[in-house]
Amino acid sequence: MEPVFADFSTNPAQLSNAVVTHHRCGIASSHLALGAGGHIKVDFTVDGREENDESVVTVTVLGASAPMDVLLNGKVLAEQLAIPADGAHSDPQDIVLSAPGELLAAGANVLEVRSPEGSDTLLRLRAVTVVPAHDRDRAERARAARTAHRSVIAFSTEIRSPGATAWQPAPRLLVHIDMGERAMPTHLAWRGADGSEAAIGLRADLTGFLGHRRTADGALTEYRGSLADRWAYPEGTAAARLHRFSTEEGLGGAWSPSGELRLLLDDGGAPVERVSWTDRRGTTASVVLSSADRADVRKPTGELRDITRTVVGIEASDEFDAAGEIAENLLSKSRSKWLGDGDSAVLDFTLAHPAAVTVYRLTSANDAPDRDPEEWELQGSHDGGHWTTVDSRTREHFRQRYETKEYAVVSPASYAHYRLSITDNHGSEQTQLSRIQFLTSESTAGPAQGAADFTGYRTSLGGDPVGYRGTTVPGPWSDTPGGQESPEAGQALQKLLAGDLGETARGLDDAARLIGKLAAYLQNS
């Protein structure tokens, strides 16, 4: 008999050998809520069943609930069965019922779960399974495998200051951690490059978490989240801070390849520099990304690269839309312009990927020199809400029209958002610019330089800690330099890593040389 399960802890529900219909039910993020007179029907098929082969029906509910009736092919397995209120409101509880073999039919079968008429309490149904009695764990294993496959998780989050009663919305938390074992995390802790910290414990069904946060300026808050969405990798990772590492494990002074680590943890703030976690198998790991990926460390100087094309959003405090003199013109190479009312203005830019702007250029517009900016600040932000000044200028003067002036950033750091805050111009009641450009410095130290390598350790359940280190796999999935490679380049790299690197690399130096070979090949191809 093929196991049957209907898992309502995700939306849409995860089904195996089951078709579900329902009546008077509300769909929540972690369960089905059956009102009075509501019911679900689970249609499933039994093939190859031996006569009198007993089965087990498990109905999982959340917390105390209304009485329920459970029927198999019209025969009552349980009637007016109530769950005592001895657990937390959201704790899952299993009701295990025996189904005699004679109740199952070869072919089509129907299992019903009903909330009786007149009930004044919701029946919160999380899952239903039907399995052979001799293999009761099979359905749970199948459910766990499907859950682990949908390993990219997004949470809606809230924070609350100590002593406060109201929760406040916070940025989305996006998580994906895979060491190749498809085991979901139970605990997570991380530190951002700006000094912020957080730690959370995740619910068993991954529908939420509870934890705490400390902001970069030291403010403490409670931290909680609820499941917003889940995807099977690589869905949900587009434009995210995803790292892929080719890893090694160290034991007794020797290092050997240990597969790939995919790491994505984005809380809407600074990029992470340290992550620790424990997964469902009891494996604990902690990794620290190298300084090359930290936002507060200046990148190596080298050739300038224009990243203006990576701007995916621009917003101005004011613009002359009717005349076509809008903020988007600032990104164009044509001799158009942006014009806004007032002697001050704010221009916000969002990049496709965080980057450290080391140089920026401003080009004056076609007329009216008194509209030219004279004083301004360039600011960076991880979340678009908290801004840090990276450069400021006063008494600036453009000598002619369409003149481009270049400015080196005093305190470059990697940000996803940039703001040009113009605080004064040369006396006009309007402010204008023709163009803005953002540039970053690329390292000239070789193809492996700048990769977001990590070092750390990991411990299996009941085992001793071993060394754990890795080298970034550059490609279109990563926010590291070189992340715009073509699909053909990505396939070539995967092939190289699967063979040459996976079998012959014995250290990070070998890995760096192999990646360097590929980079040279791609440049010459």
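Below, each value reflects all heavy atoms present in this structure, side chains not excepted, and no hydrogens, waters or symmetry copies. Keep in mind that this is a model prediction, so the values were computed, not measured.
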Side chain proximity check, [X] to [Y], heavy atoms < 4.5 angstrom:
{"X": "Thr21", "Y": "Ile40", "answer": "no"}
{"X": "Thr350", "Y": "Val311", "answer": "no"}
{"X": "Thr388", "Y": "Tyr415", "answer": "yes"}
{"X": "Arg172", "Y": "Phe155", "answer": "no"}
{"X": "Leu263", "Y": "Val275", "answer": "yes"}
{"X": "Leu206", "Y": "Leu227", "answer": "no"}
{"X": "Phe438", "Y": "Asp306", "answer": "no"}
{"X": "Leu111", "Y": "Lys41", "answer": "no"}

Who passes side-chain contact (heavy atoms from CB on, under 4.5 Å) against Ser98, sequence neighbours left out? Glu54

Across all chains, not counting sequence neighbours, the side-chain contact (heavy atoms from CB on, under 4.5 Å) partners of Ser161 are Ala164, Thr221

Taking atom types as modelled, is there a side-chain donor on [X] or [Y] under 3.5 Å from an acceptor on the other?
{"X": "Ser258", "Y": "Thr247", "result": "yes"}
{"X": "Arg262", "Y": "His243", "result": "no"}
{"X": "Thr58", "Y": "Asp94", "result": "no"}
{"X": "Ser381", "Y": "His386", "result": "no"}
{"X": "Thr45", "Y": "Asp47", "result": "no"}
{"X": "Thr278", "Y": "Thr284", "result": "yes"}

As a quick check of understanding, evaluate salt bridge (Lys or Arg N to Asp or Glu O under 4.0 Å) for Glu260 and Arg244, giving each step before the final call. CA-CA 7 Å; Glu260 181 177 285; Arg244 286 179 61 178; 2.9 Å; yes

Determine, step by step, whether His31 and Val61 satisfy the side chain to side chain contact (heavy atoms under 4.5 Å, CB included) criterion, reporting the C-alpha distance in whole Å, the side-chain angles of both residues, the deciding distance to 0.1 Å, and the verdict. CA-CA 8 Å; His31 61 278; Val61 298; over 6 Å; no

[X] side-chain N/O to [Y] backbone N/O, donor-acceptor pair under 3.5 Å:
{"X": "Thr310", "Y": "Leu351", "result": "no"}
{"X": "Thr459", "Y": "Gly463", "result": "no"}
{"X": "Thr358", "Y": "Ser441", "result": "yes"}
{"X": "Thr157", "Y": "Ala170", "result": "yes"}

Gap between atom [atom2] of [Y] and atom [atom1] of [X] - 0.5 Å precision:
{"X": "Arg160", "Y": "Glu222", "atom1": "CZ", "atom2": "CD", "answer": "4.0 Å"}
{"X": "Leu265", "Y": "Leu174", "atom1": "CG", "atom2": "CG", "answer": "8.5 Å"}
{"X": "Thr237", "Y": "Leu242", "atom1": "OG1", "atom2": "CG", "answer": "5.5 Å"}
{"X": "Ser151", "Y": "Ile153", "atom1": "OG", "atom2": "CD1", "answer": "7.5 Å"}
{"X": "Leu202", "Y": "Asp279", "atom1": "CG", "atom2": "CG", "answer": "11.5 Å"}
{"X": "Trp387", "Y": "Tyr418", "atom1": "CH2", "atom2": "OH", "answer": "10.0 Å"}

Would you sort out whether Val4 and Val42 count as a side chain to side chain contact (heavy atoms under 4.5 Å, CB included), showing the intermediate values? CA-CA 9 Å; Val4 177; Val42 182; 4.2 Å; yes

For Glu249 and Arg458, run salt bridge (Lys or Arg N to Asp or Glu O under 4.0 Å): C-alpha distance rounded to whole Å, both residues' side-chain angles, the deciding distance at 0.1 Å, then the answer. CA-CA 9 Å; Glu249 188 175 276; Arg458 69 179 183 184; 2.7 Å; yes

Applying side chain to side chain contact (heavy atoms under 4.5 Å, CB included), run through Tyr233 and His176 and close with a yes or a no. CA-CA 8 Å; Tyr233 176 83; His176 172 67; 3.5 Å; yes

Nearest non-hydrogen partners of [X] and [Y], listed with the distance:
{"X": "Ala270", "Y": "Ala193", "value": "CB-N, 3.9 Å"}
{"X": "Ile307", "Y": "Ala355", "value": "CD1-CB, 3.6 Å"}
{"X": "Val56", "Y": "Ala133", "value": "CG2-CA, 3.9 Å"}
{"X": "Val70", "Y": "Met68", "value": "CG2-SD, 4.0 Å"}
{"X": "Ser156", "Y": "Ala228", "value": "OG-CB, 3.5 Å"}
{"X": "His382", "Y": "His417", "value": "O-CD2, 3.6 Å"}

Pair Tyr223, Phe209 - check ring-ring contact (aromatic ring centres under 6.0 Å, His included), show working. CA-CA 8 Å; Tyr223 190 36; Phe209 70 81; 5.1 Å; yes

Could you tell me whether Arg274 sits above the aromatic face of Trp190, with NZ or CZ closer than 6.0 angstrom to the six-membered ring centre and within 45 degrees of the axis?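 Not satisfied by the 6.0 Å and 45° rule.
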
Is Arg126 positioned over the aromatic face of Phe8, cation under 6.0 angstrom from the ring centre and no more than 45 degrees off axis?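 So Arg126 doesn't make the cation-pi contact.
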
Give the ring-plane orientation class for Phe245 versus Phe454, where under 30° counts as parallel, over 60° as perpendicular and anything between as tilted. perpendicular

Atom CZ of Arg280 with >12 non-hydrogen neighbours under 6.0 angstrom: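 Buried by this count: over 12 neighbours within 6.0 Å.
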
Leu251 atom CG, neighbour heavy-atom count above 12 within 6.0 Å: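 No, not enclosed.
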
Please test Leu34 against Leu125 for side chain to side chain contact (heavy atoms under 4.5 Å, CB included), starting from the C-alpha separation and ending with a verdict. CA-CA 7 Å; Leu34 281 65; Leu125 192 62; 4.2 Å; yes

